[in-house]
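Input: a single structure, listed below in structure tokens.
Worth knowing before you read on, the calculation uses all heavy atoms, side chains too, and leaves out hydrogens, waters and symmetry mates. First listed ligand is number 1; within each ligand, the first listed atom is number 1.
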Amino acid sequence: MAHIGIDLGTTNSLIAQFTENGPELISNRLGGVLTPSVVHVDKGHVHTGETAKSRLLTRPDQTVAAFKRTMGTEKAYRLDGKTMTSVELSAAVLRALKEDAETALGEPVVDVVISVPAYFSEAQRKSVAQAAKMAGLKPVRLINEPTAAALAYGLQDLSQESCFLVFDLGGGTFDVSILEVFEGVMEVKATAGDAYLGGEDFTRTLVKHLTGLASYKRLSSEDEAAIRKAAEDMKMALTQRDSASIEIRRDGLTLEATVTRAEFEDMCAPLLTRLRRPVERVLYDAKLRPEDLQKVVLVGGATRMPMVRSLIARHLRHFPDGHIDPDHAVALGAAVQAGLVGKNQALKDVVMTDVTAHSLGVETSKEVGNRLLMGYFLPIIERNTVVPVSREEYLQAIRPDQTEMVLGIFQGESPDVSANVRLGTLKVPLPRSRDGSLQHVSVRFSYDVSGLLEVDVITLTDGKRTSTTIRNLAGDMSEEDIEKARKSLEKLKIHPRDEEANIALRARIEQCFAMARQDDRSVFSNMLAEFDMLLEKQNPSDLAAFRKEAEACMNQFEASYVF
Ligand code: AMP
């Protein structure tokens, strides 16, 4: 069975397969590899791709583009008397991709890996999975777009140790990720972005400017579409040249304008500021400086704009690497991921890890004055934590006579839970307190690559466990897959402090401390303190790095030890 990856883009969608020669794009019915993510409805018939795109101008009221932006919302589009949601519109594009790939490959296409912006919430991811199912596909995995892009670029570099930044500016979304390749393992260190910023916004800036220069009485939807098309053409032209001119003469609308690249860049200054923020945040989260990066990789059509490239060169002090077409990287990487899921032989040495894009946690209360206020967010798994991960926190009941704790489970970055996304609620029965003291519970969150979140709450006085599983939402998991994922999460649930290897390491440090004298003693007591702090933080990669360093130091000490 072919290993298929799909990039469901805001502007264009692509489908690729993993072959023994690496990932390859599959051409559509028109022989191209970019299928416009546009839907046109005519007398009940649904058209997609180039056919639909060509109607954007002539039949704007029956045609829709950029609907990926409204994934996960209730928005419905009215097209020639037919109401369609963004899930249904995406399903139409996916169905066309599936049919084209089936024609090209001569076999059914069902299992696919689909890319999504790293910044998509669980609800938005669920919408993508739903669209895939509607199109007759089985989404075996959803992969973050920058991770996919890095996979397309990173394969060639796996032998070298490197750290790179993926700058992905598509039609409607912006994602930045930092990935590290180390001993054949590719790890996402951090990701940030803006789900409402993309090439479209640069076009809109020009649309606003051009509309201001146009003479008209009332703009019809056809007039608006004509200005939009002129703006889009002008934007593309300004990538190639220092200035561009357009002219529109229609009944009731005249527009003649010349814009220089410098003027366009001035108009876009607020957008460039918005591009900088996620870049700064991702470096901060990954604890890196621009000079620590080996490479900056570009993804998404809008990274072709010279102002975006010079922003990167200025702030990251790197000339971006673009040896893969920025429009192709995500689909190629999704196909590589499909090969990984399908355990393709050529990929057996590649290991991928990913991070959580959002923080996961629970609602807590805080005592303010002598009043108890609810609604505070306590993150348990912080954003950008490498998955799979399992973390524990302790909570206290509010009153001694409390018989139940109702735990709201949330995803997001706001300190106020109402601004975050509610994933579920867990009701935990509490044993009656005998001595009037408050009950305590431990809350453990375990999260895996396929997006399965397990929440286990243990009441400390009687050791009773209450659990819930929040399924992603991401792929389409069968009961069997869920059981498998749950079993592997089970292994993670041991607190690192209780893991065999860590117990042994702590004992060895204590032993070295006992053997050492004077200055050496402080080395080992500091080592113990650092180890305890890392055990508390429960970050597996930090712990692994610490273990390696501590063992090297102790080996040296033991080898040179004189009785
Ligand atoms: P994507 O969603 O990755 O296909 O990105 C598409 C976005 O890139 C759209 O907003 C396009 O207008 C923009 N884009 C594509 N090519 C160019 C170009 N040569 N110059 C400026 N923007 C471009």
Side-chain angles (χ1 to χ4, degrees), residues 5-16 25 28 32-38 48-50 53 56-57 65-71 86 90 93 97 114-120 128 144-146 148-149 152-153 166-177 193-207 210 225 227-244 246 259 261 264-265 267-268 271-272 274-275 297-312 320 322 324-334:
I6 292 179
D7 168 10
L8 181 63
T10 310
T11 324
N12 292 302
S13 294
L14 299 90
I15 185 162
L25 294 168
N28 60 27
V33 292
L34 301 181
T35 298
S37 308
V38 183
T48 54
E50 285 298 339
K53 189 180 172 187
L56 260 181
L57 199 58
F67 42 82
K68 182 175 169 182
R69 284 186 163 204
T70 59
M71 278 303 245
S86 48
S90 303
V93 173
L97 292 173
I114 305 179
S115 61
V116 286
Y119 253 68
F120 259 22
V128 172
N144 288 334
E145 285 166 8
Y153 273 95
V166 183
F167 189 102
D168 179 356
L169 187 63
T173 50
F174 175 45
D175 284 295
V176 201
S177 298
D194 187 332
Y196 298 96
L197 179 60
E200 264 297 304
D201 297 284
F202 291 77
T203 307
R204 276 190 206 147
T205 303
L206 269 181
V207 166
L210 295 178
I227 297 178
R228 220 204 94 81
K229 168 89 172 50
E232 181 73 17
D233 291 347
M234 189 175 236
K235 180 179 82 170
M236 302 282 186
L238 288 171
T239 291
Q240 307 297 332
R241 297 193 295 275
D242 286 340
S243 115
I246 51 112
V259 173
R261 189 185 275 172
F264 180 40
E265 295 184 354
M267 278 174 226
C268 297
L271 297 177
L272 294 178
R274 280 174 68 192
L275 285 176
V297 164
L298 299 184
V299 184
T303 58
R304 293 200 177 95
M305 286 187 287
M307 65 176 119
V308 172
R309 293 192 176 210
S310 50
L311 178 93
I312 293 170
I324 295 181
D325 187 317
D327 286 331
H328 299 172
V330 171
L332 293 173

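- No hydrogens or angles considered: nothing links the side chains of Thr35 and Ser13 as a donor-acceptor pair under 3.5 Å.
- Atom NZ of Lys53 is surrounded by 12 or fewer heavy atoms from other residues, nucleotides or ligands within 6.0 Å.
- Formation of a donor-acceptor pair under 3.5 Å by the Asp325 side chain with backbone atoms of Asp327 is found in this model.
- Considering Ile6, Val38, Asn12, Leu8 in turn, Leu8 is the only one that fulfils the side-chain contact (heavy atoms from CB on, under 4.5 Å) rule with Val93.
- Proximity of a side-chain donor or acceptor of Arg261 to a complementary backbone N or O of Ser243 within less than 3.5 Å is not detected.
- Here the two rings, on Phe174 and Phe167, have centers that are under 6.0 Å apart.
- Protein residues with a heavy atom closer than 4.0 Å to ligand 1 are Thr11, Asn12, Gly170, Gly171, Gly199, Glu200, Glu232, Lys235, Met236, Thr239, Gly300, Gly301, Ala302, Arg304, Met305, Asp327, listed by chain and number.
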